[in-house]
Amino acid sequence: MIQRPRGTRDFGPEEMEVRRHFEDMMRQESVLHGFREISTPIFEHTELFTLKSGPGVVEEIYAFQDKGGREICLRPELTASVMRFFVSDLATLPRPLKMFYFGQCFRYERPQAGRYREFFQFGAEIVGNPTPETDAEAIGLAAAILERTGLKDYRIRVGHIGILREMLANAGVTGDKALPILQKLDKKIYPEAEELMAQAGIETKVAQDIIGTTKVTGPISVLDSREGPASDYIRQVCDILLAMGFGNVSVDLGVVRGLAYYTGMVFEVDAPKLGAEKQICGGGSYSLSELFGGEKVFSTGFAIGFDRTLLALQTEGVPFVKRSITAFVVPVGDSVRTKAFEIASTLRRSGISADVDLMRRGVGKSLKYAATVPSRYAVIVGEKELESNSVTLRDMSSGEQTLVKMNDLVEKLKV
RNA sequence: GCCGGGAUGGGGUAGCCUGGUUAUCCUUGGGGACUGUGGAUCCCCGGACGCGCGUUCAAAUCGCGCUCUCGGCCCCA
């Protein structure tokens, strides 16, 4: 027996129905918000990701040389591909450019709860100038999608890179020198952050204030005592979200991100019921296009962990509707088997889902199968019925049977 | 990369410590009883010890290695 590769999954018919259901739901919601779908290759030049995330990422991705000696990798995320696409082909489209995408990504990591080597991401990006409106629209789409899935227990936390950057800048630490400190603060390793800040000449009192800031969480009112452009900015984003009807948004200044391309607002969504891997969505505003050789453009985007979202829905017991077919055509005896296909095909051409016996089973077994599938109706075709150019239509839930003229069958089933 | 629990028909399980019959029970799949009426019942059939090496007269059981899996650490673009 051949086992499936580590960290991958097979999806059976039932599971795929559920997955497609939510996938379609996310697409529809995005279209409602004026976003348009794009798609990029599953493999890319490895350089795309080392440019964005540093040479270290190669250790964590599926990277290899192809037969032509090119350095290739399976994409570990989608934002880099989207921005590459933007720079090469989409830069002349009118802005804001609102795009969404869905697809699988690959990371060479140790699998655990909610973490796989092949996983699925749904995401969106808005390319244009950064305004609180843009950021609110991006968070708003993520929130609307999660709301529509029926998920109840999740928190949206919004922060702003600028708040800590402003404090560090006031203390005399700017630009690249601030990055290592932000990284430690992001990971909440406070002793090392203190040490770095001391080395940078920041007074202990100010350093403590900065660390205290990363612990500020709660409703928008926690910003009331704070001044400065970044705080004002978050207030505006939150006001818009509130007006859009998304009340479950809180402020968390501990959402930091120690990467240089994040420029302003950052946000995360987590579902507390999941285990160690409970973050189901993350995003923020960033500037990446210039890294890939394009003009400098600001964007805001997010990615939803599709698999984790489904896991969260599962733990909450959100019900999934099992799909059924409308009609199962049952031939009575060998003489009418071909006729059964003719009828099934007529139904299918009329857009009615229909199945037909392939196993040459008797009427009893066929009806049993039709009940299990399940099918709403059974269309019983026998010589007796055909004499009057009719079939017997059986409602599988009530057991009620009626003789129906062949010409009326499609109308009867269209309801 | 690190720590621990696992892997027995399609699914769920017993057996393993203490090696030895035809490997248990439930379920699922196919056929039949029922050559024109379903989820019931009865009968029949199919189907498994993750992979490899070793110890042994004999391995699901003991030893070693590997693969996959579940949970946690690290990481998380």
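Throughout, protein chains are lettered first and strands after them, A, B, ... in sequence-line order, and every chain is numbered starting at 1. Every value quoted in this text rests on a predicted model; they were computed, and no experiment measured them.
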Which whole number of Å gives the distance between the C1' atom of B/A48 and that of B/U24? 13 Å
Can you check the A/Lys52 NZ to B/C76 P distance for me, whole Å? 12 Å
Strictly below 4.0 Å: does A/Arg361 bring a side-chain N or O up to OP1 or OP2 of B/G31? yes
Give me each pair satisfying salt bridge (Lys or Arg N to Asp or Glu O under 4.0 Å) with a member in residues 23-50 of chain A, each pair once, sequence neighbours excluded. A/Arg20-A/Glu23, A/Glu23-A/Arg27, A/Asp24-A/Arg27, A/Arg27-A/Glu37, A/Glu29-A/Arg148, A/Glu44-A/Arg84
Options B/G38, B/U69, B/C2, nucleotide nearest the side-chain atoms of A/Arg110: B/C2
May I ask you to test the A/Arg107-A/Phe119 pair for a side-chain heavy-atom distance under 4.5 Å? yes
Full working for ring pair (Phe, Tyr, Trp, His ring centres under 6.0 Å) between A/Tyr101 and A/Phe122: CA-CA 6 Å; A/Tyr101 47 81; A/Phe122 187 96; 7.3 Å; no
Would you kindly check if the NZ (Lys) or CZ (Arg) of A/Arg9 is within the cone defined by 45 degrees around the ring axis of A/Tyr116 and under 6.0 Å from the six-membered ring centre? yes
Look through every strand shown and name the nucleotide pairing with B/C75 as Watson-Crick or G-U wobble, where both distances are under 3.5 Å. none
C1' atoms of B/G50 and B/G6, separation to the nearest Å: 12 Å
Please state how far atom NZ in A/Lys187 lies from atom C1' in B/C75, giving the value in whole angstrom units. 8 Å
Searching all strands shown, indicate the nucleotide that pairs with B/G20 (Watson-Crick or G-U wobble; both distances under 3.5 Å). B/C57
Is any side-chain N or O of A/Glu385 under 3.5 Å from a base N or O of B/G36, one able to act as donor and the other as acceptor? yes
For the pair made of CZ in A/Arg115 and C1' in B/U69, what is the distance, rounded to whole Å? 16 Å
So what does A/Gln279 touch, heavy atoms closer than 4.0 Å: a base, only the sugar-phosphate, or nothing? nothing
Determine the contact category for A/Gly54: base if any of its heavy atoms lies under 4.0 Å from a base atom, sugar-phosphate if only primed atoms, P, OP1 or OP2 are that close, otherwise nothing. nothing
Which part of the nucleic acid, if any, lies within reach of A/Glu59 when heavy atoms closer than 4.0 Å are counted: base, sugar-phosphate only, or nothing? nothing
Given B/G36, B/C76, B/A40, identify the nucleotide with an atom nearest to the side chain of A/Val363. B/G36
Taking atom C1' in both B/U22 and B/G32, compute the distance separating them and give it to the nearest angstrom. 25 Å
How many whole angstroms separate atom CG of A/Leu311 from atom C1' of B/G71? 14 Å
Integer angstrom distance from the P of B/C16 to that of B/A7: 13 Å
Which nucleotide in the list B/G36, B/A77, B/G72 gets nearest to the side chain of A/Ile380? B/G36
Identified side chain to side chain donor-acceptor pair (under 3.5 Å) counterpart of A/Arg155 within the set A/Asp270, A/Asn248, A/Asp252, A/Thr217: A/Asp270
Could you let me know what B/G38 is paired to, Watson-Crick or G-U wobble, both distances under 3.5 Å, or none if it's on its own? none
How long is the line joining CG of A/Leu367 and P of B/G36, in whole Å? 12 Å
With nearest nucleotides of RNA chain B determined for A/Thr8 and A/Asp395 from heavy-atom distances, which residue corresponds to the more 5′ nucleotide? A/Asp395
Distance check, C1' atoms only: B/U61 and B/A14, in whole angstrom units. 13 Å
Atom CG in A/Leu48, atom CD in A/Glu77: separation rounded to 0.5 Å? 7.5 Å
Quiz item: cation-pi between A/Lys215 and A/Tyr190, 6.0 Å / 45°: yes
Just name whichever nucleotide pairs with B/G4, Watson-Crick or G-U, keeping both distances under 3.5 Å, else none. B/C70
If you look at every strand shown and take non-hydrogen atoms under 4.0 Å, does A/Gly7 touch a base, only sugar-phosphate, or nothing? sugar-phosphate
Suppose you measure atom C1' in B/C75 against the same atom in B/U13; what distance do you get, rounded to whole Å? 37 Å
If we take the C1' atom in both B/U18 and B/U28, what is their distance in whole Å? 35 Å
Mate of B/G47 where both pairing distances stay under 3.5 Å, Watson-Crick or G-U: none
A/Arg6 has an atom CZ; how far is it from atom C1' of B/G1, in whole Å? 12 Å
B/C64: pairing nucleotide in any strand, Watson-Crick or G-U under 3.5 angstrom: B/G52
Side-chain-base donor-acceptor pair under 3.5 Å for A/Glu77 and B/C76: no
Among pairs that include at least one residue of residues 327-365 of chain A, which meet ring pair (Phe, Tyr, Trp, His ring centres under 6.0 Å), considering only residues two or more places apart or in two chains? A/Phe328-A/Tyr369
Whole-Å distance, A/Tyr377 OH to B/G38 P, equals 20 Å
Both A/Arg4 and A/Phe49 contact RNA chain B. Which one's nearest nucleotide lies toward the 5' end? A/Arg4
Separation of A/Lys365 atom NZ from B/A33 atom P, in whole Å? 8 Å
Could you measure between the two C1' atoms, the one in B/G9 and the one in B/C17, and give it in whole Å? 26 Å
Select base, sugar-phosphate, or nothing to describe what A/Ala370 touches, counting heavy atoms under 4.0 Å on all strands. nothing
